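Worksheet: the structure to be examined is printed underneath.
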Amino acid sequence: MIKIITIIGARPQIIKAAAISRTIHNKFSSSIHEFILHTGQHYDDNMSKFFFDELNIPKPDFNLNVGSSVHGQQIANMISGIEQILIDQPPHAVILYGDTNSTLAGALAASRLYIPVIHIEAGLRSYNKTMPEEINRIVCDHSSTLLFSPTLTGIQNLIKEGFNPETKPPFNIDNPKIVHCGDVMYDNSMYYATQAGKNSQIIDVLGLTTNRFLLVTVHRDNNTDNPERLTAIFYAINKIAQEEDLDVVIPMHPRTSGLLEKQVPPALYNSLMNNIRIRIIHPVSYFDMINLEKQSLMILTDSGGVQKEAYFFKKPCIIIRQETEWKEIIDNNAGIVTDANEEKIINAYKTFSQNKKRISFPPVFGDGHASKFICQEIVNLFSNN
Ligand code: UD1
Ligand code: UDP
């Protein structure tokens, strides 16, 4: 039996982990035993527990409860907690997802103990090292033995950094294997789309009309922590809602809720609060979120995961960042990168709403079975290595 410790901490990692946990449970339970270690990076029920319940993810075997703090402190607490668990109960490998501080801590703790790292969502690059996530993902990729990239762009990025796509076993940190596998988030979106449609009441609860509302998420630190940027984003949203007579739904990340009133001018804040078209709500469940995505007219976001889900559900996406790791979305005209620029955001809205671009959504994120492929690769590697 291959013993794996999956290390997660932030909302998107919990959601991604659901796909692999489900596949292990349904198809690989005789060969893989998964233990889940939650760092506690996200801890509000609507950022953590509710996803375990809704997506049937086994309860974490370990929870470090690190909570929020400045990055150095948070990462240090994670590393020492993870290290102790890996010493006490050494697995054959750890699974890490994405690019958060929990990913970085897991990569450092495991690699120092010579425990192989499996990185799911490897190879993504923004080529912007002011993003904490860029450093996290580079360190994690370069500490990994098995790297699963959801896209071909990710594989090309890894090759540019010296990874060899033709390595032969035995694989290890100095002879890693890179694999193009599709996206576990796509697996989830396909798996849960119908169920979400049946179980989620959010469209009725909010009184929304299909294809008549904009879905917005904003949480990236360089947007929330910068008053000019956050103000430009919310001016644009307010203006679109007013001028286009369009509902706007904003399930707000706790980071943004904590900062909005402080960062934007009082007149804008009051206007947002008094605009009946704008619904600022708490973070929603995964089923509610994918239902909102499916029924929306368009999505405006700085989230990595929400950008991709927009594409999965064939919705145009305004990307309020300076760049994106998901180049395929831009290549197919399905997304426009506007940065936090009011004019560019409004122009992107017009471009999409007036159908000025020929958008396409070819299947660049796999076939919806990335998790099965990943589990099989894990079995192949750790049974033979
Ligand atoms: C983290 C990730 C980011 C990812 C995002 C997903 C890093 C460096 N960043 O950003 O890559 O896109 O998660 O959502 O790892 N907070 C709460 N309750 C919670 C969690 C957070 O109130 O349950 C608030 C706290 O004020 C905290 C702030 O949100 O200080 C930021 O949380 P943190 O986990 O540090 O980073 P995120 O912005 O969530
Ligand atoms: N999500 C959710 N509820 C929300 C907002 C997002 O379930 O209120 C889901 C979303 O569908 C996607 C994931 O959270 O699967 C994206 O996480 P987030 O935007 O926090 O992080 P990122 O992907 O940018 O790292």
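Whatever order the structure lists them in is the order used to number ligands and atoms, beginning at 1. Along the sequence shown, residues are numbered consecutively beginning with 1. From a predicted model like this one, the values you see are computed outputs, not experimental measurements. In what follows, every heavy atom counts, from backbone to side chain, and hydrogens, waters and symmetry copies are set aside.
Geometrically, ligand 2 and G305 share a nitrogen or oxygen pair separated by less than 3.5 Å. At least one N/O-N/O distance between H42 and ligand 1 falls below 3.5 Å. Note: no N/O pair closer than 3.5 Å links D302 and ligand 2 by distance alone. Backbone and side-chain nitrogen or oxygen atoms of S303 are examined, and one is located within less than 3.5 angstrom of a nitrogen or oxygen of ligand 2.
Applying the 6.0 Å contact sphere to NZ of K262 captures no more than 12 heavy atoms from other residues, nucleotides or ligands.
Checked by atom type and distance alone, the side chain of S189 never pairs as donor or acceptor with a backbone atom of Y186 at under 3.5 Å. Between the side chain of H119 and the main chain of C140, no donor-acceptor pair closer than 3.5 Å is present.
Contact check for L292 versus V249: side-chain heavy atoms found under the 4.5 Å cut-off.
Counting only heavy atoms of the protein, atom 1 (N) of ligand 2 lies nearest to M289 CG, 3.7 Å. Scanning the protein for heavy atoms near atom 11 (O) of ligand 2, the closest one is E309 OE1, 2.6 Å. Looking at atom 7 (O) of ligand 2, its nearest protein heavy atom turns out to be F51 CE2, 3.3 Å. Of all protein heavy atoms, the one closest to atom 22 (O) of ligand 1 is P254 CB, 3.3 Å. With hydrogens left out, the protein atom closest to atom 9 (C) of ligand 2 is I15 CD1, 3.6 Å, a heavy atom. For atom 26 (O) of ligand 1, the closest heavy atom belonging to the protein is S68 OG, 4.5 Å. For atom 9 (N) of ligand 1, the closest non-hydrogen atom on the protein side is E133 OE2, 3.5 Å. Nearest to atom 35 (O) of ligand 1 among the protein's heavy atoms is Q74 NE2, 4.0 Å. Here the heavy atom of the protein found nearest to atom 6 (C) of ligand 2 is R11 CZ, 3.6 Å. Distance from atom 1 (C) of ligand 1 to its nearest protein heavy atom, with residue and atom name: Q41 NE2, 3.7 Å. Among protein heavy atoms, the minimum distance from atom 17 (C) of ligand 1 is reached at Y43 OH, 3.2 Å. For atom 8 (C) of ligand 1, the nearest protein heavy atom (residue, atom name, distance) is N101 OD1, 3.3 Å. Regarding atom 17 (O) of ligand 2, its nearest protein heavy-atom neighbour is P12 CB, 3.6 Å.
Listed by atom number, the atoms of ligand 2 under 4.0 Å from Y286 heavy atoms are 7 (O), 15 (O). Less than 4.0 angstrom separates some heavy atom of H219 from each of these atoms of ligand 1: 4 (C), 5 (C), 6 (C), 12 (O). Of all atoms in ligand 1, numbered sequentially from 1 with element shown, those under 4.0 Å from a heavy atom of H253 are 14 (O), 37 (P), 38 (O), 39 (O). Contact atoms of ligand 2 toward P283: 8 (O) (distance under 4.0 Å to a heavy atom of the residue). Per-residue contacts place R220 under 4.0 angstrom from the following atoms of ligand 1 (heavy atoms of the residue considered): 11 (O), 12 (O). Listed by number with element, the atoms of ligand 2 under 4.0 angstrom from any heavy atom of V284 are 2 (C), 3 (N), 4 (C), 7 (O), 8 (O). Every atom of ligand 2 with a heavy atom of P251 under 4.0 Å away is listed here by number and element: 8 (O). Near H71, with a cut-off below 4.0 Å to any heavy atom, the atoms of ligand 1 are 8 (C).
F35 carries K3 over the face of its six-membered ring, with the cationic atom under 6.0 Å from the centre and within 45° of the normal.
A distance of 13.5 Å separates OH in Y114 from OG1 in T145, rounded to the nearest 0.5 Å. Expressed to the nearest 0.5 Å, how far CD1 of I240 lies from CD of E342 amounts to 9.0 Å.
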Determine, step by step, whether N101 and H71 satisfy the side chain to side chain contact (heavy atoms under 4.5 Å, CB included) criterion, reporting the C-alpha distance in whole Å, the side-chain angles of both residues, the deciding distance to 0.1 Å, and the verdict.
-> CA-CA 8 Å; N101 287 347; H71 283 207; 3.4 Å; yes
Could you give me the CA-CA distance, side-chain angles and deciding distance for K16 and E121, then say whether salt bridge (Lys or Arg N to Asp or Glu O under 4.0 Å) is met?
-> CA-CA 10 Å; K16 288 167 199 168; E121 218 174 67; 3.1 Å; yes
Worked verdict on K372 versus D367 for salt bridge (Lys or Arg N to Asp or Glu O under 4.0 Å) | CA-CA 11 Å; K372 187 172 164 216; D367 61 1; over 6 Å; no
Take D245 and R277, measure what salt bridge (Lys or Arg N to Asp or Glu O under 4.0 Å) needs, and give me the verdict at the end.
-> CA-CA 8 Å; D245 198 22; R277 289 290 194 205; 2.6 Å; yes
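Under the 4.0 angstrom criterion for non-hydrogen atoms, R220 is in contact with ligand 2. Distances shorter than 4.0 angstrom occur between a heavy atom of E293 and an atom of ligand 2. The shortest heavy-atom distance from M185 to ligand 2 is under 4.0 Å.
Under the 4.5 Å side-chain heavy-atom criterion for grouping Ile, Leu, Val, Met, Phe, Trp and Tyr, I346 is connected to I318 within one hydrophobic cluster. One hydrophobic cluster, built from ILVMFWY side chains closer than 4.5 Å, holds both I32 and V179.
The distance between the ring centers of H253 and H42 falls below 6.0 angstrom. Side-chain rings of Y286 and F51 stay apart, their centers remaining 6.0 Å or farther from each other. Note: H142 and F163 meet the aromatic proximity criterion, with ring centroids under 6.0 Å apart.
By heavy-atom distance, the residue among V66, I15, D44, D45 lying nearest atom 18 (N) of ligand 1 is D44.
Using a 4.0 Å cut-off between heavy atoms, S285 contacts ligand 2 through its backbone alone, with no side-chain atom that close. With a 4.0 Å heavy-atom cut-off, ligand 1 is reached by the side chain of P12 but not by its N, CA, C or O. Residue-level proximity to ligand 1 for R255 is carried by backbone and side chain together, each with a heavy atom below 4.0 angstrom.
Ring orientation note: the planes of F365 and Y311 are nearly perpendicular, at an angle over 60° on the 30°/60° scale.
Side chain to side chain, R11 and N46 fail the donor-acceptor criterion of an N or O pair below 3.5 Å.
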